[in-house]
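These notes are about the structure you will find just below.
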Amino acid sequence: MTRTGRSRSHRSKKKRITLALAPVAAVAVAVPLMNPAGAATPSEVTADCSADSDKLENCEFVDVQFKRNNLGPNQRVSAVTDNCGSTSAASKTFNVSTSVTRTIQLEDGFTAAADTKLGNSFFEIGVKFSTSEIDITRDDKTTTLQFSRTDTVQPDSVGFFMWSAKRTDVSGYLKATYKEAQDGGTVFFAPSEGATSVHVFYPQILKNGTPDGRLWLRNVKCGTPEASGLRNSTRALRSEPGFGEAGENVTDVEIPLSEIPAP
C-alpha cells in the first residue's frame with residue numbers, strides 16, 4: 001500500500017509541473033508577434049539621416065551627456081630632427097602644423113554635411129557648449145595650428161613635436177521623424193532612445209583663436225626600436241603613445257600654450 005501511494009503522488013506532481021509551464025510557453029510565443037514588422041531599424045535611421053533622405057521630416061542629434069577637455073589622438077605634428085651620434089645637445093627649428101575639426105563617431109561611422117538636417121542639429125547642439133573661456137568648433141570647418149619654434153634636441157636623440165587636441169565630447173542618439181508613418185509610427189531612434197553611443201567631438205578653441213590642447217617636445221634615444229620606427233616612417237602624421245607614456249627611451253617636455261603664437 002505504501003508503494004501505491006507513492007506512485008500516485010509522483011504522477012500528480014508531474015502534472016502540476018506541466019500545467020505551470022504552459023502559460024510561460026504561451027507568453028514566449030506571443031512576444032515576437034508584438035514587434036512591428038516594417039518599422040525603421042537603427043541602421044536605416046542612420047542611413048536616412050546621413051543621406052538627408054527625402055523620406056524624413058527631420059533628423060536631429062539628442063545630447064544625453066558631455067565631457068569637456070577630452071583629449072584626442074596623440075599625433076606627431078612636425079618632422080623628425082636627427083641628432084644621432086652627437087655627444088651634445090643641438091638647437092633645432094621645428095615647423096609645427098596640424099588642424100582640428102568637428103568629428104562625428106557612430107558605430108558604423110559616417111559624416112554629416114553642414115547643410116543637412118542632421119548637420120544643422122549638430123551645430124545647434126554645439127552652441128550651448130561654448131563657455132566664457134573657450135569656443136568650440138560647431139561645424140565642419142577646420143581650425144589650424146601652425147608655427148615655427150626652436151628647441152633643444154638631446155644628445156644622440158631624435159626630436160619632434162607631439163599634439164593632442166582638447167575636445168568637448170557630447171554623446172547621445174539620433175531621432176528621426178518620417179513624413180509618412182511606418183506601422184503607425186513616424187519617430188524612430190538610432191541606436192535607441194536614451195543611448196550614448198553617438199559621439200560628437202567639438203574641438204575647443206581658445207579665445208585667441210588657437211586650438212586648445214597639449215603640445216610637447218619628444219626626444220627619443222637613437223639606436224632604440226622607438227627611434228628606428230620613427231626614422232623609417234614615411235607618414236607625416238601617425239599615432240603615438242601619449243604624454244609620458246612612451247617608455248624609458250623617451251623624454252617628453254610639455255610646451256605651455258601661452259608660448260604658442262596666435263594665428
Side-chain angles (χ1 to χ4, degrees), residues 67-84 86 88-104 111 114 123 126 129-169 200-222 226-227 229-247 249-263:
K67 178 183 178 182
R68 298 193 192 278
N69 299 324
N70 171 275
L71 286 171
N74 304 302
Q75 294 182 315
R76 173 161 53 91
V77 292
S78 77
V80 177
T81 298
D82 192 327
N83 196 33
C84 292
S86 175
S88 60
S91 293
K92 302 288 185 178
T93 299
F94 296 87
N95 295 316
V96 178
S97 178
T98 189
S99 62
V100 296
T101 188
R102 184 195 68 194
T103 58
I104 304 161
T111 58
F123 183 90
F129 291 103
S130 289
T131 69
S132 57
E133 295 81 23
I134 61 168
D135 293 320
I136 65 171
T137 301
R138 296 184 294 274
D139 53 28
D140 54 6
K141 296 179 181 178
T142 59
T143 302
T144 301
L145 177 71
Q146 192 167 5
F147 63 93
S148 295
R149 177 185 172 91
T150 300
D151 257 294
T152 301
V153 179
Q154 296 175 354
D156 198 30
S157 298
V158 294
F160 55 95
F161 273 91
M162 292 288 300
W163 166 260
S164 181
K166 286 185 179 179
R167 314 174 297 182
T168 297
D169 174 7
V200 186
F201 296 102
Y202 297 92
Q204 298 173 183
I205 309 298
L206 300 175
K207 290 301 182 181
N208 66 359
T210 301
D212 193 7
R214 169 175 273 175
L215 178 73
W216 67 97
L217 175 64
R218 171 163 286 176
N219 276 270
V220 182
K221 286 292 183 184
C222 297
E226 294 89 345
L230 287 163
R231 297 176 77 182
N232 295 330
S233 173
T234 58
R235 287 179 291 170
L237 297 177
R238 73 173 202 171
S239 180
E240 301 281 352
F243 181 82
E245 299 174 349
N249 296 320
V250 178
T251 302
D252 291 333
V253 178
E254 187 163 7
I255 308 300
L257 293 186
S258 58
E259 297 183 15
I260 299 176

Test item: [X] and [Y] side chains (from C-beta on) under 4.5 Å apart, heavy atoms:
{"X": "S78", "Y": "R149", "result": "no"}
{"X": "L145", "Y": "S99", "result": "no"}
{"X": "V96", "Y": "Q146", "result": "no"}
{"X": "S97", "Y": "F147", "result": "no"}
{"X": "M162", "Y": "Q75", "result": "no"}
{"X": "D82", "Y": "V80", "result": "no"}
{"X": "D156", "Y": "N83", "result": "no"}

F161: ring-ring contact (aromatic ring centres under 6.0 Å, His included) partners, not counting sequence neighbours: F94

Residue list, ring-ring contact (aromatic ring centres under 6.0 Å, His included) with F160, at least two apart or on another chain: none

Scan side-chain atoms only and decide if [X] and [Y] contain a donor-acceptor pair under the 3.5 Å cut-off.
{"X": "T168", "Y": "Q204", "result": "yes"}
{"X": "N219", "Y": "S157", "result": "no"}
{"X": "T150", "Y": "T93", "result": "yes"}

Steps toward side-chain contact (heavy atoms from CB on, under 4.5 Å) verdict (L206, L257): CA-CA 10 Å; L206 300 175; L257 293 186; 4.0 Å; yes

Would you be so kind as to tabulate the donor-acceptor pairs closer than 3.5 Å made by side chains of residues 249-256, with sequence neighbours excluded?
from	atom 1	to	atom 2	distance (Å)
N249	ND2	E226	OE1	3.3
D252	OD1	W216	NE1	3.4
D252	OD1	R218	NE	2.7
D252	OD2	R218	NH2	2.9
D252	OD2	G244	N	2.8
E254	OE2	R214	NE	3.4

Donor-acceptor contact present, side-chain [X] to main-chain [Y], <3.5 Å:
{"X": "T137", "Y": "T101", "result": "no"}
{"X": "R68", "Y": "F129", "result": "yes"}
{"X": "S91", "Y": "D151", "result": "no"}

Salt bridge (charged side-chain N to carboxylate O under 4.0 Å, His left out) partners of R167, counting only residues at least two apart: none

Counterpart residues, salt bridge (charged side-chain N to carboxylate O under 4.0 Å, His left out), relative to K207 (two or more places apart): D135

Contacts of T210 that satisfy side-chain hydrogen bond (donor to acceptor under 3.5 Å, both in side chains) - sequence neighbours left out: N208

Stepwise side-chain hydrogen bond (donor to acceptor under 3.5 Å, both in side chains) check, N95 with S148: CA-CA 4 Å; N95 295 316; S148 295; 2.6 Å; yes

Candidates I134, D212, I136, V100 - the one meeting side-chain contact (heavy atoms from CB on, under 4.5 Å) with I205: V100

Euclidean distance, Y202 OH relative to D169 CG, rounded to 0.5 Å: 10.5 Å

Interatomic spacing from CH2 in W163 to CG in L71 - rounded to 0.5 Å: 9.5 Å

Can you see which heavy atom on [X] is nearest to which on [Y], and at what distance?
{"X": "T144", "Y": "P211", "result": "O-CD, 4.0 Å"}
{"X": "A227", "Y": "C222", "result": "CB-CA, 4.0 Å"}
{"X": "P155", "Y": "A89", "result": "CG-N, 3.6 Å"}

